[in-house]
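First the structure, in the form of structure tokens, and then the observations on it.
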Amino acid sequence: MKQQYVGLLMVALMFLAHISLAQEQPSLRDRADELYRRFEYANAVKLYAKLVDTKRPRVQDLERLADSYLKMKDYESAENWYARLIGQDESSPEHLLHYGTVLKINGKYAAAKQQLEAYAAKTGDSERVALEIVGCDSALHWMANPTLHRLHNETEVNTGNAEFSVFPVGDQVYYAGEPAAGTFEATYGWTGNAFLRIYTAPLSASGNLGTSSLADMAINSAKYHIGPISAEKNGNTYYVTRTYAGRDGQLEKAGRHRYRTNRLELYVYRKIDGEWIEEPFAFNNVNTYSVGHATLSPDDNTLYFVSDMPGGQGGTDIWYSERQADGTWGSPVNAGDVVNSAGDELFPNIGPDGILYYSSDGFAGMGGLDIYQATGSKASWTAPENLKYPVNSATDDFAYIVHREEGDSFHGFLASDRPGGKGGDDIYSFSFEKPKIIIILNGTTADKATGERLPATAVTLYDGQRKIVAKVNSGNDGTFVFELDPGCDYTVLGQKEGYHADSAKVSTLGITKSDTLEVALLLEPVFRPGQTFELEHIYYDFDKYNIRPDAAAILDELVRTMRDNPTLKIELSSHTDSRGSRAYNEVLSQRRAQAAVDYLVSRGIARDRMVAKGYGENKLVNRCADGVPCSAEEHQANRRTEVTVLEY
């Protein structure tokens, strides 16, 4: 989210003009580089993927491909390509830094720490990564000891695009979101999606959101990004962040290309006699800095907002203005170096009790933007406290707002682009309540072949929707402990390098009093040369060899295995049943095997680590040869994709 809509200076960059590279037809690399310079990353990756499909790819091509995926928030693909990049002879220490950052975003904190420490060792610049390393250590501790927050994805409003920054007003909420394709003609080149608009949705008594719709078009009439939004308690005055649509932004040069920096500005909308009257915030200055992300104190007399105006602590800071006797806002004052850092502070909200909630990447955190809280007002605050896991995750978490408190419990909303959502940034409701009963899960991790306990095994607890509840490493004696909620289904997954993962189902359905459960995970050693295993549920359409989305999801697991085991070389084979001619089946299976290899190449695996082989009907696993009557299920058993270990 942060890279797409805010960036270091909260800007929208728009390509203005370029000088022709030459009169001749531009090469594939020229076109890829041009798209990259224009921030059209989704189009650039298609060309860079072709350029790097060679035995000796250029480091800059790999670098830009990895960076494009990072900018697009496709962190899994970014990890694949950075893993490939750091293995090149010409790779620089800076690539270790970026690889560590991506690993951290993907929640691989121990591996991220290793890469960040390698960067520090090679450059001597340990100060640059010190905060990130502390964040890795903290994240491991927080995921092993999650808070009592329970998050729920608001599927009624979330889409495959971005939704974030809920602001409740009575029995409804406003939020920022990307319209569906075709709703508006203009699109944002960085993401390929429509510019942000303001939506509204009903807020139920239980704290969940209903079907959404575009808000009043007077608020949504600006040209580029609109949002987030906040309001005064009277419900008739709104503060809306917009991207400046004029031509006064600062010109930037990148090589022989020019770009205009269009910053954010804050607009005030007042409803007078049923009509919306808009006016700019008095301290907008689009030539020099951005202003946006406004929120109000409980008495509506202090306006907090975010800006990169001169006089701050770092990138974007939290500032405030006080309401004057005539109703205008006074000159901005920086909220101080306690809550502001050398990084970016964004999305402030003030809770009902006056607590400041905001996001920052300038303190030790789990990755991306983390949510913090501080007590105080104006320029006097307590030290910010990280809200830990599961409020925070390895990706961007922001726009945290509390809208209801009931004794020791409270409810609200936040936004996150964590894995498992419906799209990019999703809106999550949350509750915080103390448990009535305590259910403990005791577990062990062991080698399936020998029975010996396996220490330092990564154990992840998932809920019924495959969302991570907690994550620990088994101890020196191969044991681990989780605390469970009643009335839930769980999956426990154990993973260790050099072993097949093992998982087990655990349920607390029907448990009405405190209890202790037990589970044993048995991991089998893997990757012996000559070993063959089947990739289950790889299906192709009849007489086709293109990779279907369901097959791609299975192949992505193989991509991860290849990425995490860089010495592994494989034969990827495809097999058919006996129906059809032998020659035709061999051709079809070869095409299917080649398509699977090509898919792995597109995801960052070097082609020389794989051999595609189509065996047709030459290696049937049952009696169903030519002329033998068999059931559909028996024929299906022969239509399979297998992996054989060649080297490890």
Side-chain angles (χ1 to χ4, degrees), residues 2-3 8 59 62-63 65-67 69-70 75-145 314-315 341-344 360-370 386 388-389 392-397 419 454-460 468 470-476 480 495-499 560-568 604:
K2 179 176 180 290
Q3 288 185 344
L8 293 178
V59 166
L62 285 169
E63 180 181 58
L65 181 54
D67 185 60
Y69 276 119
L70 179 59
Y75 302 126
E76 184 78 13
S77 295
E79 180 183 341
N80 295 342
W81 289 106
Y82 275 118
R84 177 99 172 264
L85 179 58
I86 65 166
Q88 304 297 306
D89 292 338
E90 301 86 359
S91 180
S92 72
E94 199 74 14
H95 298 147
L96 294 171
L97 178 63
H98 295 316
Y99 186 35
T101 299
V102 171
L103 286 168
K104 188 177 179 184
I105 290 173
N106 285 338
K108 299 179 179 180
Y109 294 108
K113 181 178 178 180
Q114 186 177 34
Q115 297 299 326
L116 295 171
E117 289 177 336
Y119 168 84
K122 284 195 172 186
T123 64
D125 189 3
S126 57
E127 183 178 350
R128 185 176 181 185
V129 294
L131 209 61
E132 294 295 323
I133 291 174
V134 172
C136 290
D137 291 335
S138 297
L140 289 169
H141 176 72
W142 294 335
M143 292 193 76
N145 301 276
S341 70
D344 292 319
S360 175
D361 63 3
F363 303 99
M366 295 187 67
L369 292 170
D370 269 26
N386 190 295
K388 305 174 184 175
Y389 187 80
N392 289 315
S393 70
T395 56
D396 285 330
D397 307 286
L454 288 177
T457 300
V459 185
T460 307
I468 296 176
K471 191 170 185 177
V472 300
N473 284 337
S474 59
N476 292 331
F480 61 89
Q495 297 171 292
K496 188 175 178 67
E497 185 176 351
Y499 289 84
R560 297 181 188 107
T561 299
M562 297 289 289
R563 178 194 65 207
D564 297 339
N565 296 273
T567 63
L568 176 63

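Keep in mind it's a predicted model, so treat the numbers as computed, not measured.
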**Report entry** Expected output: side-chain S91 to main-chain G87 donor-acceptor under 3.5 Å
**Finding:** no
CG of L96 to CG of L103, rounded to nearest 0.5 Å, is 10.5 Å
Closest heavy-atom pair, P93 versus T123, reported as atoms and distance to 0.1 Å, is CB-CG2, 3.4 Å
Rounding to 0.5 Å, atoms CE (M562) and CG (N80) come to a distance of 11.5 Å
Checklist entry - Any donor and acceptor pair, going by atom type alone, linking the side chain of H95 with main-chain N or O of S92 inside 3.5 Å? => result yes
Between Y119 and the options Q114, H98, E132, R128, the side chain to side chain donor-acceptor pair (under 3.5 Å) test singles out R128
Closest non-hydrogen atoms of L116 and C136, given as atom of the first, atom of the second and distance, are CD1-SG, 4.3 Å
**Request:** Might you work through the side-chain contact (heavy atoms from CB on, under 4.5 Å) test for N565 and E497, ending with a clear yes or no?
**Result:** CA-CA 8 Å; N565 296 273; E497 185 176 351; 4.3 Å; yes
Would you say the side-chain atoms of D396 pair up with the backbone N or O of L369, donor to acceptor, closer than 3.5 Å?
yes
Minimal heavy-atom distance between S341 and F363, with the atoms involved, is CB-CZ, 3.7 Å
Practice item. Would you sort out whether E76 and R560 count as a side-chain contact (heavy atoms from CB on, under 4.5 Å), showing the intermediate values? Key: CA-CA 9 Å; E76 184 78 13; R560 297 181 188 107; 2.5 Å; yes
Heavy-atom nearest pair, Y69 first then A78, reads CB-N, 3.7 Å
Looking only at heavy atoms, the pair that brings A364 and W142 closest together is O-CH2, 4.2 Å
Treating S474 as the side-chain partner and T457 as the backbone partner, does any N or O pair qualify as donor plus acceptor under 3.5 Å? yes
Evaluate the side-chain contact (heavy atoms from CB on, under 4.5 Å) criterion for residues D370 and D361: first the C-alpha distance (whole Å), next the side-chain angles of each, then the deciding distance (0.1 Å), finally the verdict.
-> CA-CA 6 Å; D370 269 26; D361 63 3; over 6 Å; no
Here the gap from N392 atom CG to N386 atom CG, rounded to the nearest 0.5 Å, amounts to 4.5 Å
**Item:** Check: D564 and E79 side chains under 4.5 Å, non-hydrogen atoms
**Value:** yes
In this structure, CE of M143 is separated from OG of S393 (nearest 0.5 Å) by 8.5 Å
Closest non-hydrogen contact found for L85 with E63 is CD2-CA, 3.8 Å
CD1 of I133 to OG of S126, rounded to nearest 0.5 Å, is 8.0 Å
task = List the steps and the verdict of side-chain contact (heavy atoms from CB on, under 4.5 Å) for M366 and D397.
result = CA-CA 10 Å; M366 295 187 67; D397 307 286; 6.0 Å; no
Rounding to 0.5 Å, atoms OH (Y82) and CG (L70) come to a distance of 5.0 Å
